[in-house]
Amino acid sequence: MKNTIKGAIVVAASIITIIVYVSLFLFIKFGLITVDNFFSPINIIWFLFLIIISYIIFSFLSKEITRPINKLIRNMRGLLDGRVIESKKIKEDVKFVEIDRLMDRYLSMLELIKRNNLDLNSQQSKTEIILEQMADGVIAFSITKDIVHMNLSAKELLGIDERFNTFEKIMIKLGIEVDFTQIMYLPKQKSETCRLTTEDTVLNIAFRPFFNSGDIPVGVIMVIRDITEREKLDNMRKEFVANVSHELKTPLTSIKGYSETMMMSDDLPKETAHEFLSVIYKEANRMDKLVHDLLQLSKFDYGKASIKMDNFTISELAKNVIAKMQFTASQKEHTLTGHFSSGIKVYADKASIEQVLVNIISNSIKYTPDGGKIDLYIEEKEDSVEIREIDNGMGIPEKDLKLIFERFYRVDKARSRQMGGTGLGLSIVKEIIASNDGKIDIKSEVDKGTEIIINLQKAK
Ligand SMILES: Nc1ncnc2c1ncn2[C@@H]1O[C@H](COP(=O)(O)OP(=O)(O)OP(=O)(O)O)[C@@H](O)[C@H]1O
Ligand SMILES: [Mg+2]
């Protein structure tokens with residue numbers, strides 16, 4: 001049972017009063033105190049003794065009151081210094097109800113602060129994690145142009161470290177001129193952007209002010225975004241449109257020219273008319289092939305290509321393809337030979353694999369000088385079936401090899417176009433092999449020949 005401070009003071013005062021009262025009574029009774037000897041040395045000593053007793057009683061009482069309060073002050077100081085404190089202990093040996101209540105209030109306030117602090121900390125670490133994980137670079141500058149935060153992506157994208165700790169240093173390093181004050185006073189939601197192009201990256205940099213709770217600008221945020229891929233895709237798209245238009249325009253111009261000439265002249269000799277018509281037919285075919293190829297590629301792009309995976313005998317398919325292409329090969333006096341045992345099975349889409357074989361063999365026929373040698377090998381490997389198509393043709397220069405599977409890419413544009421090529425054959429082959437979960441590789445040497453290696457899944 002704890003006492004109240006008021007109660008304790010009343011008790012102490014009562015005790016002192018009783019002592020004084022009783023001692024006065026005894027002193028008077030035994031004649032020690034009379035009006036004459038009231039200030040005698042013995043009485044003064046006695047009164048001093050009474051004062052000491054009162055002092056002892058009150059100092060004991062005040063110690064009991066102030067000890068827990070001092071403990072509380074120390075605890076609060078610790079809290080302000082950010083130290084972790086064992087708050088439960090402050091309630092030990094509290095003897096008064098009021099102080100006990102004060103401690104209870106303090107402890108519950110402490111709990112609340114701790115909880116809020118925890119929330120704040122987790123919020124802060126969450127923000128920090130997000131900033132660190134961001135692919136975009138983020139740098140925050142204070143009003144004094146010093147860096148207050150810089151994430152890893154910013155360092156990587158700009159190729160800088162902690163030594164670049166001010167706005168100026170970074171701008172000098174990047175070689176861009178931006179007016180910090182002007183950004184500071186940009187309206188909310190507005191930003192200033194610039195583009196930084198280096199040898200192999202394109203960066204988009206945005207600057208905008210950030211504000212305190214009173215909507216006063218307190219710094220500048222710089223966001224760096226790597227737009228190299230986007231830029232590349234954008235260029236590819238533009239290039240693609242330009243290529244398609246160009247590829248369509250060439251045959252269209254001839255078709256238009258020849259048909260116009262035919263319409264204008266009434267007495268065109270039959271042979272010339274036939275010649276013109278065959279050109280028109282050839283060019284129309286070319287356009288037809290181009291549109292067909294583009295549609296096929298677009299189906300792969302949108303995941304709409306019909307790929308029906310199944311087990312089938314690749315050696316039989318290859319035998320048929322070779323037989324079908326023998327005639328075209330013989331027109332250029334090539335020898336086209338298959339080297340494989342019968343019964344080799346794969347798990348793939350038969351129709352598209354047939355197209356792959358036709359595309360690569362027709363390339364070899366086209367790009368090998370007359371009288372060349374084209375061989376098709378099929379072998380069962382440990383975990384796949386390997387197809388190797390080898391010719392001894394003109395080959396592909398090393399610098400072109402890595403681009404050969406790109407759409408419209410041709411080593412010699414004029415020559416290939418003359419042969420009726422649009423540069424889409426190998427890109428279709430690549431898409432087909434990828435959608436059959438296979439692999440494709442190419443090796444080539446100028447004037448020696450080309451080898452295409454394809455790996456398909458074994459039959460299941
Ligand atoms: N076997 C090969 N030997 C030498 N060069 C080749 C060979 N195969 C392909 N190439 C080169 O690669 C380019 C791209 O081939 P791809 O099959 O994609 O297009 P294409 O044959 O020009 O046209 P398409 O196949 O659409 O009719 C060709 O233009 C050619 O320059
Ligand atoms: Mg081709």
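Counting starts at 1 for both ligands and their atoms, following the listed order.
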**Study point:** Heteroatom proximity flag, G425 to ligand 1, N/O under 3.5 Å
**Key:** yes
Among all the protein's non-hydrogen atoms, which is closest to [atom], and how far away is it?
{"atom": "atom 17 (O) of ligand 1", "value": "N363 ND2, 2.8 Å"}
{"atom": "atom 18 (O) of ligand 1", "value": "L426 N, 2.7 Å"}
{"atom": "atom 31 (O) of ligand 1", "value": "V411 N, 3.1 Å"}
{"atom": "atom 20 (P) of ligand 1", "value": "Y367 OH, 3.4 Å"}
{"atom": "atom 14 (C) of ligand 1", "value": "Y409 O, 3.2 Å"}
{"atom": "atom 1 (N) of ligand 1", "value": "D391 OD2, 2.9 Å"}
{"atom": "atom 19 (O) of ligand 1", "value": "G423 CA, 3.1 Å"}

Do other residues, nucleotides or ligands put more than 12 heavy atoms under 6.0 Å from the [atom1] atom of [X]?
{"X": "Y281", "atom1": "OH", "value": "no"}
{"X": "K366", "atom1": "NZ", "value": "yes"}
{"X": "Q331", "atom1": "CD", "value": "yes"}
{"X": "H339", "atom1": "NE2", "value": "yes"}

Check your understanding: What do the steps show when you test Y409 against D400 for side-chain hydrogen bond (donor to acceptor under 3.5 Å, both in side chains), and what is the final call?
Key -> CA-CA 9 Å; Y409 195 84; D400 299 291; 2.3 Å; yes
In ligand 1, which numbered atoms sit nearer than 4.0 Å to a non-hydrogen atom of [X]?
{"X": "K289", "answer": "24 (P), 26 (O), 27 (O)"}
{"X": "I396", "answer": "4 (C), 5 (N), 6 (C), 10 (N)"}
{"X": "I404", "answer": "11 (C), 12 (O), 13 (C)"}
{"X": "L424", "answer": "18 (O), 19 (O), 26 (O)"}
{"X": "R410", "answer": "13 (C), 22 (O), 29 (O)"}
{"X": "S364", "answer": "1 (N)"}

Answer yes or no: is there an ion pair linking [X] with [Y], defined by an N-O contact shorter than 4.0 Å?
{"X": "K289", "Y": "D293", "result": "yes"}
{"X": "K373", "Y": "D375", "result": "yes"}
{"X": "E98", "Y": "R101", "result": "no"}
{"X": "K232", "Y": "E406", "result": "no"}
{"X": "E162", "Y": "K155", "result": "yes"}

Check your understanding: Would you say G393 touches ligand 1, if touching means a heavy atom closer than 4.0 Å?
Key ->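 It does not; every heavy atom stays at 4.0 Å or beyond.
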Check your understanding: Non-hydrogen atoms of N359 versus ligand 1: any pair closer than 4.0 Å?
Key -> no
Practice item. From atom 26 (O) of ligand 1, work out which of I374, T422, N392, L401 has a heavy atom at the shortest distance. Key: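 Considering heavy atoms of I374, T422, N392, L401, the nearest to atom 26 (O) of ligand 1 sits in T422.
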Check your understanding: Which heavy atom of A154 sits nearest a heavy atom of V138, and at what distance?
Key -> CB-N, 3.7 Å
Practice item. Look at the N, O or S atoms of N359, main chain and side chain alike, and state whether any lies under 2.8 Å from the Mg ion (ligand 2). Key: no
